[in-house]
Chemist: 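Take this structure, written in structure tokens, and hold onto it; I'll ask about it next.
Order of the sequence lines fixes the chain letters, A, B, ..., with proteins taken first and strands second; residue numbering starts at 1 for each chain. No experiment lies behind these values; they were computed from the predicted model shown.
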Number of protein chains: 2
Amino acid sequence: MDKYQRIYQDVLSDLRTGKYQPGDYLPSDTKFVMRYQVSRETVRKAVGALAEDGYVQRLKGKGTLVLDRKHFAFPVSMIESYRELVEEMHLESTNDVLRIQEQVMIPQELQFEKAASGLSIQVVRRRNVDGDPMVLDYDYINPEVVETVPKSAAQDSLFNYFENQLGLQIDYAVKHITIETASAEDRRLLQISEDIPMVVIRSETHLTDNRLLSFTESRHRADRFTSIEFARRRK
Amino acid sequence: MDKYQRIYQDVLSDLRTGKYQPGDYLPSDTKFVMRYQVSRETVRKAVGALAEDGYVQRLKGKGTLVLDRKHFAFPVSMIESYRELVEEMHLESTNDVLRIQEQVMIPQELQFEKAASGLSIQVVRRRNVDGDPMVLDYDYINPEVVETVPKSAAQDSLFNYFENQLGLQIDYAVKHITIETASAEDRRLLQISEDIPMVVIRSETHLTDNRLLSFTESRHRADRFTSIEFARRRK
DNA sequence: AAGTGGTCTAGACCACCCT
DNA sequence: GGGTGGTCTAGACCACTTT
């Protein structure tokens, strides 16, 4: 692993365990330089990424302040697997794999950026939190990138399978968020009535070599939906 | 202005005018080093920020690819003033200032991070797109940071007033997104019926010195709401 | 082999905050 | 004045892609 990534992960884990509390200051750049035996620019790259991601704030002349992170209810602006979210928030969550099917056409409304090459592997899942069905996920995976999806991978975590089993490097996604009325399938699978709207997040996920990995449609019952975002000013 | 910021703005404006088209490659780092007479790390800082913001993708060994940006319908993960959005998307939009009032209590549900020190300056505005009222914005501004808000600033752009008139440096915001039913005031001011839900975005905006600038509640009619996000993978 | 982006270094100077 | 973060430099080596 790169040096700055090691530092990033190291400090992040100290933030998660509470070794550094909100309101505390991180060790200064110079301290980290000594501790990790690296140059200052390398330290700055790591701490800069933590600031970019909203964990800390750099205060000129003062130090690096640890921010309060009750965050991460559902970060639309980050690519996180459902499993990572569940773990981070200590949710009681289960996962029903409803369907895995090859050679499926990709719905037109999902192809907002790139034209899809053709057929895909479809994975349909339902996420339950505290026993209540909350989210329906429809994944359409590019068969030119992923040959096959075993049920165990869908049950566990597709991202984990892609990254750690297949060695794929996920880079970015474009996400469209809209509010729509519940479809018949939504009502049936989530056991909700017609008057509960749905938050629909359609995304297109790319690899670092810019190949298209997958299209996803994620449908949340709106009455239980909360998202917490960290936004930075670009000027 | 810093050198890398100048390069960032320079290239961004070339991307906006279409000098660089999606699918094109930007000039290489070395080319920019020669053009701007700076070191490579400075070029990399500028181009890296463009990649971070989703304008381009860095491809090892190949170059810097210009991505397709039909993006920016409503980027929740970025802090942009309504005016900046309108300009970038070439919308036909007007702005009604409904109320400016000092010494107003801040609603409890907005204070999710910091406890507010007390009273605030309240600004209530309605945004109309193509003549239709679409969004209600309630701003509660910290009087310890901003003494007074002239009506012209609320009419034009609060962010422009804060940054360019008062010299404040906005850094980050924490935003909570929920879906709620329309209130009586929503229905009256936006002329919608009860069955149209609202996308409610509550945010807390901070300065670079970590002072609290404002709380904002932004209420969108959900049937017209679209957000397009660019999300990066952190691993 | 030549060109590209990715990482890292050791040093410099600056602006800001605190004592 | 000493410590902090912010910017910038000139150079190095690497992995990757293309010719």
Side-chain angles (χ1 to χ4, degrees), chain A residues 1-11 20 23-52 55-67 167-169 171-172 206-211 232-235, chain B residues 1-11 20 23-52 55-67 167-169 171-172 206-211 232-235:
Chain A
M1 200 195 302
D2 296 325
K3 292 188 183 180
Y4 80 92
Q5 282 186 19
R6 169 145 186 322
I7 300 172
Y8 178 99
Q9 292 299 339
D10 222 47
V11 178
Y20 304 124
D24 289 355
Y25 284 90
L26 287 189
S28 70
D29 290 0
T30 330
K31 297 267 174 51
F32 278 137
V33 164
M34 292 185 294
R35 179 182 305 177
Y36 289 102
Q37 296 289 301
V38 296
S39 75
R40 181 158 168 247
E41 285 293 350
T42 301
V43 167
R44 284 182 54 71
K45 208 161 163 183
V47 181
L50 290 168
E52 190 72 29
Y55 296 105
V56 299
Q57 187 181 24
R58 298 280 248 165
L59 294 175
K60 201 187 301 194
K62 298 189 72 173
T64 305
L65 181 65
V66 177
L67 295 180
L168 299 174
Q169 291 185 295
D171 188 15
Y172 71 94
H206 296 256
L207 303 175
T208 50
D209 60 9
N210 204 29
R211 279 185 300 166
R232 293 217 145 266
R233 179 66 171 161
R234 291 282 183 202
K235 233 327 168 42
Chain B
M1 199 195 297
D2 297 325
K3 291 188 184 181
Y4 81 93
Q5 281 186 20
R6 171 150 183 318
I7 300 172
Y8 178 99
Q9 292 298 339
D10 223 45
V11 177
Y20 304 125
D24 289 355
Y25 284 89
L26 286 188
S28 69
D29 291 1
T30 330
K31 298 267 175 52
F32 279 137
V33 164
M34 292 185 294
R35 181 182 304 178
Y36 290 103
Q37 295 288 302
V38 296
S39 75
R40 182 158 167 247
E41 285 293 350
T42 302
V43 167
R44 284 183 54 73
K45 209 160 163 183
V47 181
L50 289 168
E52 189 74 29
Y55 295 105
V56 298
Q57 186 181 24
R58 299 280 248 168
L59 296 175
K60 201 187 302 193
K62 298 189 73 172
T64 305
L65 181 66
V66 177
L67 295 180
L168 299 174
Q169 291 184 295
D171 188 15
Y172 72 93
H206 296 257
L207 302 175
T208 50
D209 60 8
N210 205 28
R211 280 185 299 166
R232 291 219 147 265
R233 179 66 171 160
R234 291 283 183 204
K235 227 347 177 17

Chemist: Counting only side-chain N and O atoms of B:Lys45, is one of them less than 4.0 Å from OP1 or OP2 of D:dC8?
Modeler: no

Chemist: Taking only side-chain N and O atoms of A:Lys62, does any of them lie within less than 4.0 angstrom of OP1 or OP2 on C:dC18?
Modeler: yes

Chemist: C:dG6 phosphate, OP1 or OP2: any side-chain N/O from B:Arg44 under 4.0 angstrom?
Modeler: yes

Chemist: If the cut-off is 4.0 Å, is A:Lys60 near the phosphate of C:dC17, judged by side-chain N/O to OP1 or OP2?
Modeler: no

Chemist: Would you say a side-chain N or O of A:Lys3 is under 4.0 Å from OP1 or OP2 of C:dT9?
Modeler: yes

Chemist: If I take atom CZ in residue A:Arg211 and atom C1' in nucleotide D:dT17, what distance separates them, rounded to the nearest angstrom?
Modeler: 15 Å

Chemist: Could you state the CD-C1' distance from B:Gln169 to D:dG6, rounded to the nearest angstrom?
Modeler: 12 Å

Chemist: State whether A:Thr64 places a side-chain N or O below 4.0 Å from either non-bridging phosphate oxygen (OP1 or OP2) of D:dT4.
Modeler: no

Chemist: Measure from CG on A:Asp29 to P on C:dC14 and round the result to the nearest Å.
Modeler: 19 Å

Chemist: Taking 4.0 Å as the cut-off, does a side-chain nitrogen or oxygen of A:Thr30 come that near to OP1 or OP2 on D:dT4?
Modeler: yes

Chemist: Do NZ/NE/NH1/NH2 and the carboxylate oxygens of A:Lys3 and A:Asp10 come within less than 4.0 Å?
Modeler: no

Chemist: Quick one: is D:dT7 close enough that its OP1 or OP2 comes under 4.0 Å of any side-chain N or O from B:Tyr4?
Modeler: yes

Chemist: Does anything in residues 34-43 of chain B come within less than 4.0 Å of DNA chain C? Heavy atoms only, and list the residues if so.
Modeler: B:Arg40, B:Glu41

Chemist: Quick one: sort the A:Tyr172 and A:His206 rings into parallel, tilted or perpendicular, breaks at 30° and 60°.
Modeler: parallel

Chemist: Would you call B:Asp29 and B:Arg40 a salt bridge, using N to O less than 4.0 angstrom?
Modeler: yes

Chemist: Looking at CG of B:Asn210 and CG of A:Leu67, how far apart are the two atoms once the value is rounded to the nearest 0.5 Å?
Modeler: 6.5 Å

